[in-house]
> 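Let me give you the structure first, and then I'll get to my questions.
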Amino acid sequence: MQTQEIGQQTVAVRLEAVEKIYGKGDNEVAALKRLSMTFNTGSFTAVMGPSGSGKSTFLHCAAGLVQPTSGKVLVGDTNLADLDEVRLTKLRRDRIGFIFQSFNLLPALTVMQNIVLPLQLAGKRPNKNQILMVVNRVGLADRLDHLPGQLSGGQQQRVAIARALVTRPAVVFADEPTGALDTRTAAAVLGLLRESVTAGGQTLVMVTHDPVAASYADRVVFLADGRFVGEMYQPTAEAVAARMTRLGAWDDENLAPSSTLSGGGR
Ligand SMILES: Nc1ncnc2c1ncn2[C@@H]1O[C@H](COP(=O)(O)OP(=O)(O)OP(=O)(O)O)[C@@H](O)[C@H]1O
């Protein structure tokens, strides 16, 4: 796939003035308000913001799962709006990986069958070496014949990560990938995601509420009320938590973030 170049960097995904309006008339909600953002190839970005700020809508628009009301989403040089449904499905299958908070594994399929499913759906013959590399990276070599129900939450999320990486997508989107995991398991999963960027050259965009999870990223972008309101490079959990507090992110719950601020990525 062609990519856009900015100096030495190539751009994996770009949003240009993306607007998403749900509903009509009195029920109209502007979830994204002309949001523009760029994600370079090989970068790891965390997306944060208060509840209702548009994080999930952003992720779904960027991944081609939801169509923006106006504006452009480019994956490499491809404007998603130029694709018909068949081509969009193919692009999503070939170029995009998605990791959900709830894993979304198929319960009747083994670990191996879940991992190779995207290749089969794409009509590609699984390359044994490529699969073994991904399986080893996520540490699941001795679990390949198990069913998801026989695995812990952290192991299930590692299967989901392997499934998202196996097609070597240009970009992997993760929606709260550690939201259902305990602190220690979350750290292992985040380390794995970090490594997929550092060693595997993937581009990763992750929505999270957790400043510790965000500290594994190269950059955190902050949304509020459907708009970009700031970013932070080389984030620490403490600095992210302070910024989120200033955005009023935890006013409703009157709570600090769920995980402790120790033991983060940075
Ligand atoms: N399908 C929908 N129909 C109508 N309104 C929606 C829909 N999805 C989201 N919204 C509204 O759009 C706004 C942004 O929602 P979104 O889920 O993107 O925010 P979020 O930052 O991911 O929130 P959270 O952190 O609570 O998951 C909210 O006001 C929400 O109520």
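Counting convention: from 1, in listed order, for ligands and their atoms alike.
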> Between R14 and D77, does any side-chain N to carboxylate O distance fall below 4.0 Å?
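Result for this pair is no, no salt bridge flagged.
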
> Tell me the protein heavy atom at minimum distance from atom 12 (O) of ligand 1, and give that distance in Å.
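I find the closest protein heavy atom is A31 CB, 3.4 Å.
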
> Would you say atom 30 (C) of ligand 1 touches the protein, meaning some protein heavy atom is under 4.0 Å from it?
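Under 4.0 Å from atom 30 (C) of ligand 1, zero protein heavy atoms found.
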
> Check ligand 1 against P50 and write out every atom of the ligand that is under 4.0 Å from a heavy-atom position of the residue.
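Numbered from 1, ligand 1 contributes 21 (O).
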
> Enter the distance from I99:CD1 to I161:CD1 here, rounded to the nearest 0.5 Å.
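Spacing of CD1 (I99) from CD1 (I161) equals 4.5 Å.
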
> Crowded around Q150 CD? As in, over 12 foreign heavy atoms under 6.0 Å?
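Enclosed: over 12 neighbouring heavy atoms sit under 6.0 Å from CD of Q150.
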
> Quick check: does any side chain N or O of R219 sit under 3.5 Å from a backbone N or O of E231, one acting as donor and the other as acceptor?
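No.
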
> Can you tell me if H209 has a non-hydrogen atom under 4.0 Å from ligand 1?
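Yes; H209 lies near enough to ligand 1 that a heavy-atom distance drops under 4.0 Å.
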
> Does S53 come within less than 4.0 Å of ligand 1, judged by its heavy atoms?
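For ligand 1, residue contact (heavy atoms, under 4.0 Å) with S53 is present.
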
> Where is the tightest heavy-atom contact between V11 and T41, given as atom of each residue plus distance?
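In this case the closest contact between V11 and T41 is C-OG1, 3.8 Å.
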
> Are L223 and L35 close enough that some pair of their side-chain heavy atoms sits under 4.5 Å apart?
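Answer yes - side chains close enough.
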
> How close does the nearest protein non-hydrogen atom get to atom 21 (O) of ligand 1, and which residue and atom is it?
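The answer is K55 NZ, 2.8 Å.
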
> Can you find a protein heavy atom closer to atom 25 (O) of ligand 1 than 4.0 Å?
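Yes, because at least one protein heavy atom sits under 4.0 Å from atom 25 (O) of ligand 1.
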
> Tell me, which protein residue and heavy-atom name are nearest atom 18 (O) of ligand 1, and how many Å apart are they?
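Minimum-distance protein heavy atom for atom 18 (O) of ligand 1 reads T57 OG1, 2.6 Å.
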
> Considering only protein heavy atoms, which is closest to atom 27 (O) of ligand 1, and at what distance to one decimal place?
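Protein heavy atom with the smallest distance to atom 27 (O) of ligand 1: S56 OG, 4.1 Å.
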
> Between A46 and A217, which heavy-atom pair has the shortest distance, and what is it?
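Taking A46 first and A217 second, the nearest heavy atoms are N-CB, 3.7 Å.
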
> Give the atom numbers and elements of ligand 1 that come within less than 4.0 Å of a heavy atom of V29.
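Here the atoms of ligand 1 in question are 11 (C), 12 (O), 29 (O).
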
> How many angstroms lie between atom CD of E19 and atom OG1 of T57, to the nearest 0.5 angstrom?
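The CD atom of E19 sits 12.5 Å away from the OG1 atom of T57.
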
> Quick one: does G54 get an N or O within less than 3.5 Å of an N or O on ligand 1?
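In this structure, G54 places an N or O atom under 3.5 Å from an N or O of ligand 1.
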
> Name the closest protein heavy atom to atom 4 (C) of ligand 1, giving the residue it belongs to and the distance to 0.1 Å.
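The closest heavy atom on the protein side is Y22 CB, 3.3 Å.
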
> Considering heavy atoms of the protein only, find what lies nearest to atom 28 (C) of ligand 1 and give residue, atom and distance to 0.1 Å.
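For this ligand atom, the closest protein heavy atom is G52 O, 3.9 Å.
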
> Can you tell me if A30 contacts ligand 1 (heavy atom of the residue under 4.0 Å from the ligand)?
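Contact absent.
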
> How long is the straight-line distance from OG1 of T69 back to CZ of R34, given to the nearest 0.5 Å?
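The CZ atom of R34 sits 12.5 Å away from the OG1 atom of T69.
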
